[in-house]
Enquirer: 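Please read through the structure below; I'll follow up with questions.
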Number of protein chains: 2
Amino acid sequence: MRKLLLVEDDSSLGYLLTEYLKMKDFQIVWATNGIEALEILKKEVFDLIILDVMMPEMDGFTLAEKIRDLYSSIPFMFLSARSLKIDVLKGFSLGAVDYLKKPIDEEELVVRVEALLNRLNIGINTSLQEEIILGGYLFNPATQELKYKDEIISLTSRESELLLFLWRRKNELSLHKDILTSIWGENDYFNRKSLNVFISHLRKYLSKDPRIVIENVHNKGFLLKVKE
Amino acid sequence: MRKLLLVEDDSSLGYLLTEYLKMKDFQIVWATNGIEALEILKKEVFDLIILDVMMPEMDGFTLAEKIRDLYSSIPFMFLSARSLKIDVLKGFSLGAVDYLKKPIDEEELVVRVEALLNRLNIGINTSLQEEIILGGYLFNPATQELKYKDEIISLTSRESELLLFLWRRKNELSLHKDILTSIWGENDYFNRKSLNVFISHLRKYLSKDPRIVIENVHNKGFLLKVKE
DNA sequence: AAAAAGATTAATAAAAGGTTAATTTTATTA
DNA sequence: TAATAAAATTAACCTTTTATTAATCTTTTT
């Protein structure tokens, strides 16, 4: 889970943002001033810090400088009512990854934070084609590859479609009828024979991990079981 | 040097931003519409794309979708007079790294672009010498040259475009459909035959380094694998 | 035990892919 | 503008891959 530190002295805005970000599945710690923020940073690790600029005692810019010097790798962004150009430029010159002008729209804040963390964590060359974890196997439906340790098994289109179909209903029964009409287009005697052949292929490929099994329910269909 | 593609139909704003960004030591190419932008992207590599949202013919959101599907690794940001929340959210949901509301302040644009490039991908897409490292090869899409040690292979335009296309989606599947519609313009039987010929050429050129291979996924597409 | 359904391996034919060469198109230059 | 060169497309031919069908054996159900 992504963990954020919010530094905001205004208690109503602080509370609102904290609750909203929690709802959006962020882990969030709220500090009400700079000193507290620095104390928290000594003990915990964060993915991103969100700083208000105008705060009593220590303003956000000063705090950002300290954070940058002490923990240079943690990205931070500003929230500010001061939307003067000079302030925005100052924010970025201190190394901010973003500068949001108040009034803050919580939804916009969330999508910006997500865009930032996605880029930062996952990196530039992240594939949109994701891999499915299947016990000790990795299955990539886009490239039709099934990996087990160093070994790569190239699946055919039908094999890949069938495995994906079963995986989407894993631990649930997939009816012959549904598989055949969805993948083959027609539910008849010959296609059903064909389905048996492909089930057999998949079982062979998946035999390296006993936690992954394709079970038959007599006269009903098949079932991809993924154990614990 | 960092290389940007600006897509902006308004000529005075386009000119202003182009000149300003040049002054700030960016290499910048300005396209006035989506079609032109896609043509340029076939031949050149960029670190960041800046898109206007409201444009005739093809709007920025539609263009962004195409860019994301074809060249998933290039970050893009929006410039827009439409500051409605729904537009900002749409921009980020398409995968934008930032969304700036017009009127644009050039200085703020520059610091945001710099912050992005510093954080995200310094020198990932365009290296200083503009050359792409491909195992033991150096590929320069601008000069269409592929170097291996002392040897220089001159690629034709098609060969170069195809290699660039595959490289931008390296280790991911590039669908026949996407390659053909992007490079040939039309996805038909004959162009697909032609594609096979060019794949064959590239494989021959790239055969000196076994870490670089072009794999086929039957009935789906091709995949440039760059190992370790 | 008989009949039906399922599993597995192998054989076959169709489609897709790979490669080289010939032909057409496009660009260059004399 | 005609001759030449280069590039892209099309053709021809061969190889590989794939889905289907067949053949045979095993399991399940009644």
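Just so we're on the same page: letters track the sequence lines, and every chain starts at 1. Side chains included, hydrogens not; waters and symmetry mates left out as well; all remaining heavy atoms used.
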Enquirer: For DNA chain D, note the earliest and the latest nucleotide, 5' to 3', having some atom under 4.0 Å of a heavy atom belonging to chain B.
Expert: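 Listed 5' to 3', the contact boundaries are dA7(D) to dT18(D).
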Enquirer: May I ask you to establish whether Arg192(B) and Trp184(B) are in a cation-pi arrangement, using a distance under 6.0 Å from NZ or CZ to the six-membered ring centre and at most 45° from the ring axis?
Expert: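 Not satisfied by the 6.0 Å and 45° rule.
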Enquirer: Could you tell me whether Lys204(B) atom NZ has more than 12 heavy atoms of other residues or ligands within 6.0 Å of it?
Expert: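 Atom NZ in Lys204(B) is not packed in, count stays at 12 or less.
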Enquirer: Is there a side-chain contact between Arg192(B) and the phosphate of dA16(C), meaning an N or O under 4.0 Å from OP1 or OP2?
Expert: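 So the side chain of Arg192(B) is outside the cut-off, no N or O lying under 4.0 Å from OP1 or OP2 of dA16(C).
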Enquirer: To the nearest 0.5 Å, what is the distance between CD on Glu215(B) and CG on Leu223(B)?
Expert: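 So the CD of Glu215(B) and the CG of Leu223(B) are separated by 5.5 Å.
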Enquirer: Between Glu159(B) and Tyr205(B), is there a side-chain donor-acceptor contact under 3.5 Å, judged purely by atom types and distance?
Expert: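 Side chains of Tyr205(B) and Glu159(B): pair found under 3.5 Å.
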Enquirer: May I ask you to say what Thr156(B) touches in the nucleic acid, namely base, sugar-phosphate or nothing, with a heavy-atom cut-off under 4.0 Å?
Expert: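 Result for Thr156(B) = sugar-phosphate.
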Enquirer: Taking OP1 and OP2 of dG6(C), is either one under 4.0 Å from a side-chain nitrogen or oxygen of Asn196(A)?
Expert: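 Negative; the distance criterion is not met.
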Enquirer: Any salt bridge between Lys24(A) and Glu106(A), counting N to O under 4.0 Å?
Expert: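 The answer is no: the pair does not qualify as a salt bridge.
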Enquirer: So how far is it from Ser12(B) OG to Leu17(B) CG, rounded to the nearest 0.5 Å?
Expert: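 It is 9.5 Å, given to the nearest 0.5 Å.
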Enquirer: Test of understanding: with side chain to side chain contact (heavy atoms under 4.5 Å, CB included), list the residues that count as partners of Ser207(A), not counting sequence neighbours.
Expert: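 With neighbours one apart ignored, the set is empty.
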Enquirer: Let me check the geometry of the helix from dA1(C)-dT30(D) to dA30(C)-dT1(D). What is the bend angle between the axes at its two ends, five pairs each, to 10°?
Expert: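 Both end axes considered, the difference amounts to 30°.
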Enquirer: Quick check on dG6(C): is either OP1 or OP2 less than 4.0 Å from any side-chain nitrogen or oxygen of His176(A)?
Expert: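 Yes.
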Enquirer: On the ring face of Phe165(A), is Arg169(A) found with NZ or CZ under 6.0 Å from the centre and within 45° of the axis?
Expert: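 Yes.
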